[in-house]
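Here the structure is laid out as structure tokens; the discussion comes afterwards.
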2 protein chains.
Amino acid sequence: MRGIAQLAKELGISTGTVSRALNGKRDVSDETKRKVMEAAARLGYAPNQAARALAQGTTRSIGFMIELDPETAASSDYFFMGVFDGVQSVLTRHGLDLLVLPCPTTQDRYHYLERFVARGVVDGIILASTQRVDQRVDLLQSVGVPFVTLGRSTSGQGYSWIDLDFEGVVNTSIDRLVALGHRRIALTLPFGEVNFGAVFEAAYRSALLRHGLEFDPRLMFVTRRSEQAGYRIVDEMIALEAAPTAVLLIYEVAAIGIYRRLAELGLTPGRDLSIVGLRDEPTVRFLEPSVTCFSVSLRDIGVAIAEAMLAQLPAHAGAYPPGIVQKLAHLELRAGESDGPARS
Amino acid sequence: MRGIAQLAKELGISTGTVSRALNGKRDVSDETKRKVMEAAARLGYAPNQAARALAQGTTRSIGFMIELDPETAASSDYFFMGVFDGVQSVLTRHGLDLLVLPCPTTQDRYHYLERFVARGVVDGIILASTQRVDQRVDLLQSVGVPFVTLGRSTSGQGYSWIDLDFEGVVNTSIDRLVALGHRRIALTLPFGEVNFGAVFEAAYRSALLRHGLEFDPRLMFVTRRSEQAGYRIVDEMIALEAAPTAVLLIYEVAAIGIYRRLAELGLTPGRDLSIVGLRDEPTVRFLEPSVTCFSVSLRDIGVAIAEAMLAQLPAHAGAYPPGIVQKLAHLELRAGESDGPARS
DNA sequence: CGCTCCTCCGTAAGCGTTTACGGAACTATA
DNA sequence: TATAGTTCCGTAAACGCTTACGGAGGAGCG
């Protein structure tokens, strides 16, 4: 006899009463409630998760699926830790646990997720690294599991997502660069089928159009998230017959490589080539001259995700207005010295 | 009627047989086994996790607790993603899931862990960021939950751990620097009570002793994991009456700051100050001149952790020789150009 | 043919909680 | 005093799965 039964025997009352007391339900006198709480704390008792989940039909935990691609994702984890913290801060207040589910490099992301939802390990799912067309969204919608995605996708319809305002970043950047006299502005795009690549490119095209600038596909560079990638594209840009005078980076870390290559060539960031990065992560923030980029609170993004999740959980209805929420996190410009007037 | 009952009805057999078939047990004909498998795949059936855990008394999942300190840990996640991948690669082969448990900044690490083990959410625990004295180790040992720590601790006794060979790194580094003529070698130490700080310092002291060099506490600098920290200590070192000619970094990322400050002062890494970093993470690997540091496979560390865990799980006895395993991961020197002959 | 042994399957009792239901004791009301 | 209404608690049936147990049927043997 273990668990609640032992506790009940110890107190000389029934398991039902103990359970009610622990869960703060009615039909229990304050006196017994107190006794039970005290005994539980003293014996270090906590209700068995499996039994509780089975009886209630709910696990009280939310899964956050991430991917472990060592090539590209390895450095974006920087990103996730901040988000996790934000998610946690909200979930714990509602008695929910956060379980991070790291999909191994060798496994298919769809099947990995499928197993977890089919077995009912979590009550809700948070998805990251959304692809342009992402079957996981369709899966979750069809089985009816509450979910929120960090990043948009063209799959599914009418679901909750939180994403960075890439359009805003592109518009602000291009406006700024154009105002500085730039006419040929290069762009780096993420390798792979992540959705924000398409978003970034579309925003870029429409911004050019808005300014009456010509779109030149040779000014777009697909890169992985690495310093090396930045190093390489400098030469590629220079080799063009009409080299760009500015570049907008989807992976700000590339700035490090660009700086180094420019230095080797005797060129100066902000003078010979204007550079605008996406996010002001610490490493980039430390560069000299400082990189013009954008600031966003990762924690706030996490909070928004958690709130969007709570809005979908029946057990927590009322805490947040129900319904789908789709939110773009604003990125605030942090003007640095890596961009300046265009030189011809 | 859901789950296995529905599946059984569909096939016209009992739930017991279905369960046996799905779990590949005996007492089921190959014919029915085949039919059940087929039906399960067709209907997308997977046994409910809670029910299974309750019946078997085992969750088939391992928890990996990490901490979300945005200040120090945020950038060490780089580190974790690689480790996760290694752990996963082994666990999945044995039908075990990996659940990452991120302890929020606001919560006490001990109570966070306590709740998870008391509720029986996981069969085993992997601990990171072990403190010099870490009550979590005592807790896990007292309740008898299988666990492995990534990093040592002075708490507890005779438990399994995997750690970096900090002693090896220090010895190799000091030997190398001394051979280059350095006599005053500085050291950076981690902020906080993490155990590897103490290990690093102890190894440093004994290495100095071995070479007959004087120990000077003023040559030790406690730093957080940041570029900024490196930037700052340059001035602090120079300000000393007898400035060090070399420095050994616990957080290699500090090299970035050191490089920058040296450049501002018109000094050159490897000539005016020799620098040796711990791990060759991408950002540092990209510096120019290249940083002398050490290489270690994060994935292998993860693999070792998982194997140490399996050795403790009764259900998997035999897969790996039972017993505690304590292993130091070797760090291979990657000689760069950031260190050179001492100048007086 | 009778016996034993093996193969395969159904039955049902758990696993540790939660929770609907009913009932005992007590209070308030007429 | 009889009745209705509260308050508190015990009982037991779920939740979905696993697994010990037993039994039916067939094969193999003497």
Side-chain angles (χ1 to χ4, degrees), chain A residues 1-37 39-40 43-61 95 115-123 314-315, chain B residues 1-37 39-40 43-61 95 115-123 314-315:
Chain A
M1 186 177 55
R2 264 181 320 180
I4 208 175
Q6 183 181 351
L7 224 182
K9 198 184 114 187
E10 201 106 359
L11 290 165
I13 57 180
S14 75
T15 63
T17 304
V18 173
S19 175
R20 279 188 296 258
L22 288 173
N23 293 324
K25 303 219 168 175
R26 331 160 333 186
D27 288 356
V28 185
S29 73
D30 292 342
E31 171 65 8
T32 32
K33 203 171 285 189
R34 197 187 50 72
K35 278 188 192 167
V36 171
M37 291 298 196
L43 275 64
Y45 168 81
N48 178 277
Q49 164 72 6
R52 178 180 252 242
L54 183 57
Q56 295 195 135
T58 173
T59 64
R60 291 171 182 277
S61 51
R115 258 191 82 236
F116 275 99
V117 304
R119 296 183 305 157
V121 180
V122 291
D123 290 348
Chain B
M1 186 179 55
R2 264 181 320 180
I4 208 176
Q6 184 181 349
L7 224 183
K9 198 184 115 188
E10 199 108 359
L11 290 165
I13 58 181
S14 76
T15 63
T17 304
V18 172
S19 174
R20 280 188 297 260
L22 287 173
N23 293 324
K25 303 220 166 173
R26 330 160 333 181
D27 289 355
V28 186
S29 72
D30 292 344
E31 173 65 7
T32 28
K33 204 171 283 187
R34 196 186 52 71
K35 278 187 192 169
V36 172
M37 291 299 195
L43 276 65
Y45 169 80
N48 178 276
Q49 164 71 6
R52 177 181 254 242
L54 183 57
Q56 296 194 135
T58 172
T59 64
R60 292 170 181 277
S61 52
R115 257 191 82 237
F116 275 99
V117 305
R119 295 184 305 157
V121 180
V122 291
D123 291 347

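Below, chain A is the first sequence line, B the second, and so on; all start at residue 1.
Atom P of nucleotide D/dA20 and atom CZ of B/R26 are separated by 10 Å, given to the nearest angstrom. Rounding to whole angstrom units, CG of residue B/L7 and P of D/dG16 are separated by 14 Å. Remark: C1' of D/dC9 and CG of A/L11 are 14 Å apart, rounded to the nearest angstrom. In this structure, the CD atom of B/Q49 is 12 Å from the C1' atom of D/dG16, given to the nearest Å.
Rounded to 10 degrees, the angle separating the terminal axes of the helix from C/dC1-D/dG30 to C/dA30-D/dT1 is 50°, with each axis obtained from five end pairs.
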For a quick check, with a 4.0 angstrom heavy-atom cut-off, what is the B/S/- contact string for nucleotides 13-23 of chain C, read 5' to 3'?
-BBBBBBB---

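Taking the side-chain contact (heavy atoms from CB on, under 4.5 Å) definition, one finds that B/V122 meets it with B/S61, B/L99, B/I125, sequence neighbours left out. Residues meeting the ring-ring contact (aromatic ring centres under 6.0 Å, His included) test with B/F116, sequence neighbours left out: B/Y112. B/R20 is linked by a salt bridge (Lys or Arg N to Asp or Glu O under 4.0 Å) to nothing, counting only residues two or more places apart in sequence or in another chain.
Nearest heavy-atom pair, B/R119 versus A/P47, reported as atom, atom and distance to 0.1 Å: CG-O, 3.5 Å. Between A/K35 and A/L11 the shortest heavy-atom distance is O-CD2, 4.3 Å.
When atom types are taken as modelled, the side chain of A/N23 and the backbone of A/K25 share no donor-acceptor pair closer than 3.5 angstrom.
In this structure, the side chains of A/T15 and A/S19 stay at 4.5 Å or more apart for every pair of heavy atoms.
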Could you give the side-chain donor-acceptor pairs of residues 1-9 of chain B under 3.5 Å, partners two or more places apart or in another chain?
none

